[in-house]
Amino acid sequence: MLNPFSIPKPVNEPIKDYAPGSPEKETLLAKIKEVKSQIIDIPLMIGGEEIRTGNTANCVMPHDHDHVLATYHQAGEKEVKMAIDASQEAWQTWSKTSLEERAEIFLNAADLLAGSWRDIVNASTMLNLSKNVYQAEIDSACELIDFLRFNPWFAKELASHQPMYSPEPTKNRSELRPLEGFIFAVSPFNFTSIGGNLPSAPALMGNTVLWKPASSAVLPAYYLMLLFKEAGLPDGVINFIPGRGSHVGPNVMKSPLLAGVHFTGSTAVFQNMWKEIGENIQHYHSYPRIVGETGGKDFCIAHESADTDVLATAMVRGAFEYQGQKCSAMSRAYIPTTIWDEVKEKYLAQINTIKMGDPEDFTHFMNAVIDKASFDSITEFIDFAKASDEAEIITGGGYDDSKGYFIEPTTILTDNPKFRTMCEEIFGPVLTIYLYDPNEWTETLEIVDSTSEYALTGCVMAKDKNAIDEATKALTHSAGNFYINDKPTGAVVGQQPFGGSRASGTNDKAGSMFNLIRWVSQRTIKENFDPPKDYRYPFMAEE
Ligand code: NAD
């Protein structure tokens, strides 16, 4: 049984403003200057040792791609094996520590990140991921602090869940055992907080982890490793193995000790990992737990009764914050013909004020997309729309990668509800709008539900309560996170547990106890204080 412990009830970390002249802006700018002025060397971290393979790649600034921030070493087969060995050595002690001891380390990490580490983690996120200060603050500071503070609370709730009855003379109890083996945490580029949560959630539950961060976001991930160490995380509990996914992944997943995969990223990569696990299934010591949050094609359906100011703002923020590179970003909108003129006017008025550029200039709402591959794939969609008879570009459409990977906030208007950009994930600053006849509201809800393979987030905009109710019911399976009169992005830990279904993932809800249950295997223990001493039952007695 776990000891009664004193994990504090968490509250969400307040978001700092970084307003002109504020002390937080001043210290952050100084840290940005420092991060930009150096090229650091990032080793692998295996069993607490720094490992340098000599097979290196660069961390750059997407808004100025020739500017190198760091060089990082990439793992190969040998280092994967070393990391697995180190994880198993650490497992011997870590898996036996109490939840209270483990929680204390991650709560320490949260306090460090809320305090002296906030600037370096935010600065490296702004520069390496090309995020404006607000986007960095809500991600690498606030959301990760929340994960680190709420998960211990959820773990305590889980541990307190015990069998209902213990009839005399027995005592029943349940304990949460870490999984045997190691967890493979594989994180995407777009959120430093997800990078921090994927390895730390299983580690909190007593597991040891191999963490492969996204290649385009290694710098903030490295600072998180240093932060975990300072918070007191023992060597070998989280082993840091950056490198090419297609190289590192298969080497990890063929290990018989793979106990689980904690993945966030694209649907295609996740499906391939699942296939690989399937192919190896006979070789594993246990059935690996597979948790993956993947792509989205997130919608906004506006009713005729929608507040047009709210709708226009939700479209701008929902589609273009962080250049649309959020799994939850609004990328298809359905607007009634009757309110379109008014919405369009308000929407264009807002779009026309957007400034784009370097995140160091705090007046920039948008920055660059992450890398050349993303730039090429997003601009291919834009060119496709430009060339099509079924679509018209009403904002943006321009792009330029000469200095940084910049793409204008692009809006496509189409008369085909199944136009390619209404269906496929683009993962960039592109919103496609389809105008519908308000008499076909119910039919349009069916179109929203059936247009994409994904079901991550979506929103309905309406003042009419019946319309809200109808949309909420009709779109039950269309989104794991559904918003009413709000944009479909910006889930907060402890408020909107996050995840989607269909091709969007296993929906194990990051930032909730339902995620944590995947990283333990329960043992039920019955103790009998007066066990029988004769095999015969009363029914067997002779009359
Ligand atoms: P990605 O799939 O390209 O990469 C994700 C991670 O997988 C990276 O670390 C990558 O190196 C690794 N990887 C690639 N091939 C691999 C392999 N064969 N074996 C093991 N690992 C491998 O995704 P990305 O571009 O970093 O992120 C964008 C995607 O993530 C989008 O599709 C977005 O919708 C999704 N996403 C989803 C959520 C969510 O909560 N649903 C959150 C953030 C991002």
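What's counted below: heavy atoms across the whole structure, side chains too, no hydrogens, waters or symmetry copies. Everything numeric in this text was worked out from a predicted model, so none of it was measured. Whatever order the structure lists them in is the order used to number ligands and atoms, beginning at 1.
Taking the side chain to side chain donor-acceptor pair (under 3.5 Å) definition, one finds that E360 meets it with K36, sequence neighbours left out.
The cationic group of K212 does not satisfy the cation-pi geometry with F184, failing either the under 6.0 Å distance to the six-membered ring centre or the 45° limit from the ring axis. Figure legend: K131 and F191 shown as a cation-pi pair, the cationic atom lying under 6.0 angstrom from the six-membered ring centre and within 45 degrees of its axis. In this structure, R332 fails the cation-pi test against Y434, since its NZ or CZ atom is not both closer than 6.0 Å to the six-membered ring centre and inside 45 degrees of the ring normal.
Residue-level contacts of ligand 1 at the 4.0 Å heavy-atom threshold are V186, S187, P188, F189, N190, I194, K212, P213, A214, G245, S246, G249, F263, T264, G265, S266, V269, M273, E293, T294, G295, G296, C327, E425, F427, L456, F498.
For the atom pair CG of N151 and CG of L148, the computed distance is 7.5 Å after rounding to the nearest 0.5 Å.
The environment of CZ in R244 is sparse: at most 12 heavy-atom neighbours from other residues, nucleotides or ligands sit within 6.0 Å.
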